[in-house]
Amino acid sequence: MKLKILLIIICILLTACSAGSDAEYSYDFFAMDTFMSINAFGGSAEEGVKAAARRINELEGLLSVTDENSDIYAVNHLGASSVSSETAKLVSFALEIADKTNGALDPTIYPVLNAWGFTADNKRVPSDGEIAKLLENVGFGRVTVNGNSVTLGEGMMLDTGAVAKGYAGDETVRILREHGVSSALVNLGGNVQLIGTKPDGGDWRLGLKDPTGAGNIGVLTVSDCAVVTSGNYERCFTAEDGTVYGHIIDPANGCPVDNGLLSATVVAAEGKLCDALSTALFVMGEKGATDFWRENKNFDVILITDNAEVLITKGIADKFTLDEVHKNFIVKVVE
Ligand code: ADP
Ligand code: MG
């Protein structure tokens, strides 16, 4: 009898263990000013997801522009400050991409963004004079990172908002893998990062949002990569004259991007690269973005234009399917 019970217990334990290795854990939360969700399979999924969420909160604590205890707040309010080595690394990375993209990405655009009211939800259209004056305090070339110390030029402010979620995604993926997770869909406010394939072995099917309305424009079928979109269709406001202004600013003129692009989606292995480039390519416009891709090719990109074109680089062209209801869009492969 005792042996029978023992055998039953062993059987239950064995089943519990095998169920553990196929574990699934999902978690939705709000961080970095946006909704996030992590869906992980395999290994210690629950522990991994919880550790990743803690990590994201920790990163927000370092990188937030508004949190008085953050590294970025200290730099912005003191003009120079010693920061954690990872903040220093992320700022250096943003400066490197700023340089490579000729300032299309500029982590010092914050004063201009602030004048448009995007930082405190009091949206307004600043005068040309006000913008010109603020642009005097914008210029990534006047930020110095020396070891762990970051110094700004007079009147400048730093904002890692265009790369922070991508970096948080990379950290999430790293932590999940450390916990044995073999398959995951991480969505940090529209920044998607994937580990492996779906648990059934099939590629993940990601809907690409239609920037002109509700629903998706098409589906991207991919695995084990990051997919990050930038556009001015979500965080935006309509001025009295009917013009729609979005939260990505062209540092060349201090105004919300208005160049014919509705969105730029970058696909690559690393989230922070995707995040930095999606913002920069959206600023650069169709010609600038496709030229940049031809010169670099260490990523793929999908551009949606206001004349109903979907431009997609050849590396992922066969992974994209246009939605039936969007057959009016023309898909062009960029080579
Ligand atoms: P989202 O945060 O909506 O996913 P992005 O990654 O494109 O989109 O980042 C947009 C954020 O980056 C803005 O909210 C602002 O904080 C900042 N930003 C806006 N324009 C620029 C720019 N040209 N260069 C760098 N950062 C920018
Ligand atoms: Mg970005």
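In each ligand, atom 1 is the first atom listed, and ligand 1 is the first ligand listed. We count residues from 1, following the sequence as given. What you see below is based on every heavy atom in this structure, not just the backbone, and it leaves out hydrogens, waters and symmetry mates.
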What protein heavy atom lies closest to atom 10 (C) of ligand 1? Include the residue and the distance to one decimal. His247 CE1, 3.6 Å

Mark up the atoms of ligand 1 that fall under 4.0 Å of a heavy atom belonging to Ala162, in ascending order. 6 (O), 9 (O), 12 (O), 25 (C), 26 (N)

Look at atom CG of Asn122 and say whether more than 12 heavy atoms of other residues, nucleotides or ligands are closer to it than 6.0 Å. yes

Identify the closest protein heavy atom to atom 20 (N) of ligand 1: which residue and atom is it, and at what distance? Ile249 N, 3.1 Å

Just jot down the ligand 1 atoms closer than 4.0 angstrom to any heavy atom of Lys165, in number order. 1 (P), 2 (O), 4 (O)

With no hydrogens and no angle check, is any side-chain donor or acceptor of Ser278 less than 3.5 Å from a backbone partner on Cys274? yes

I'd like to know whether Arg54 forms a salt bridge (charged side-chain N to carboxylate O under 4.0 Å, His left out) with Glu58, so could you lay out the CA-CA distance, the side-chain angles of the two residues, the decisive distance to 0.1 Å, and finally the verdict. CA-CA 6 Å; Arg54 279 197 300 276; Glu58 190 180 292; over 6 Å; no

If we ignore hydrogens and angles and just use 3.5 Å, is the side chain of Ser127 paired with the main-chain N or O of Glu130 as donor and acceptor? yes

Which atoms from ligand 1 have a heavy atom of Ser230 less than 4.0 Å away? 5 (P), 6 (O), 7 (O)

Side-chain donor or acceptor of Ser64 paired with backbone N/O of Gly61 under 3.5 Å: no

Aromatic Tyr245 / basic Lys123 pairing, under 6.0 angstrom, 45° off normal: no

So is Gly190 close enough to ligand 1, meaning a heavy atom under 4.0 angstrom away? no

Should one rank Asp250, Leu113, Thr160 by closest heavy-atom distance to atom 15 (C) of ligand 1, which comes out on top? Leu113

Considering only the protein, which heavy-atom contact is closest to atom 16 (O) of ligand 1, and what is its distance? Asp159 OD2, 2.7 Å

Quick one: does any side-chain atom of Asn296 pair with a main-chain N or O of Asn298 as donor and acceptor, under 3.5 Å? no

Start with the C-alpha gap between Arg174 and Asp170, add the side-chain angles, then the distance that decides, and say whether salt bridge (charged side-chain N to carboxylate O under 4.0 Å, His left out) holds. CA-CA 6 Å; Arg174 180 183 65 77; Asp170 292 333; over 6 Å; no

From Ser278, does some N, O or S atom reach closer than 2.8 Å to the Mg ion (ligand 2)? no

What about the rings of Phe237 and Phe118, do their centers lie closer together than 6.0 Å? yes

Numbered atoms of ligand 1 (with element) below 4.0 Å of Gly161, judged on heavy atoms: 9 (O), 12 (O)

Distance filter under 4.0 Å to Leu105 heavy atoms, resulting ligand 1 atoms: 24 (N), 25 (C)

In terms of atom number and element, which parts of ligand 1 are under 4.0 angstrom from non-hydrogen atoms of Ala104? 22 (C), 23 (N), 24 (N)

Just which atoms of ligand 1 are under 4.0 Å from any heavy atom in Asp275? 6 (O)

Is there a donor-acceptor pair closer than 3.5 Å between any side-chain N or O of Arg235 and the backbone N or O of Gly231? no

I need the atoms of ligand 1 closer than 4.0 Å to a non-hydrogen atom of Asp106, numbered in the order shown. 22 (C), 24 (N), 25 (C), 26 (N)

Tell me, which protein residue and heavy-atom name are nearest atom 5 (P) of ligand 1, and how many Å apart are they? Thr279 OG1, 3.3 Å

Relative to the Mg ion (ligand 2), which of the N, O or S atoms in Asp275 is the closest? OD1

Region of Ile248 engaging ligand 1 - heavy atom pairs below 4.0 Å: both

Report yes or no: does Lys165 have an N/O/S atom closer than 2.8 Å to the Mg ion (ligand 2)? no

Taking Glu335's backbone N and O only, do any of them form a donor-acceptor pair with Arg294's side chain (distance below 3.5 Å, no angle check)? yes

Starting from atom 21 (C) of ligand 1, locate the nearest protein heavy atom and write down its residue, its atom name and how far away it is, to 0.1 Å. Ile109 CG2, 3.6 Å

Shortest non-hydrogen contact between Phe329 and Thr305, atoms and distance: CE2-O, 4.4 Å

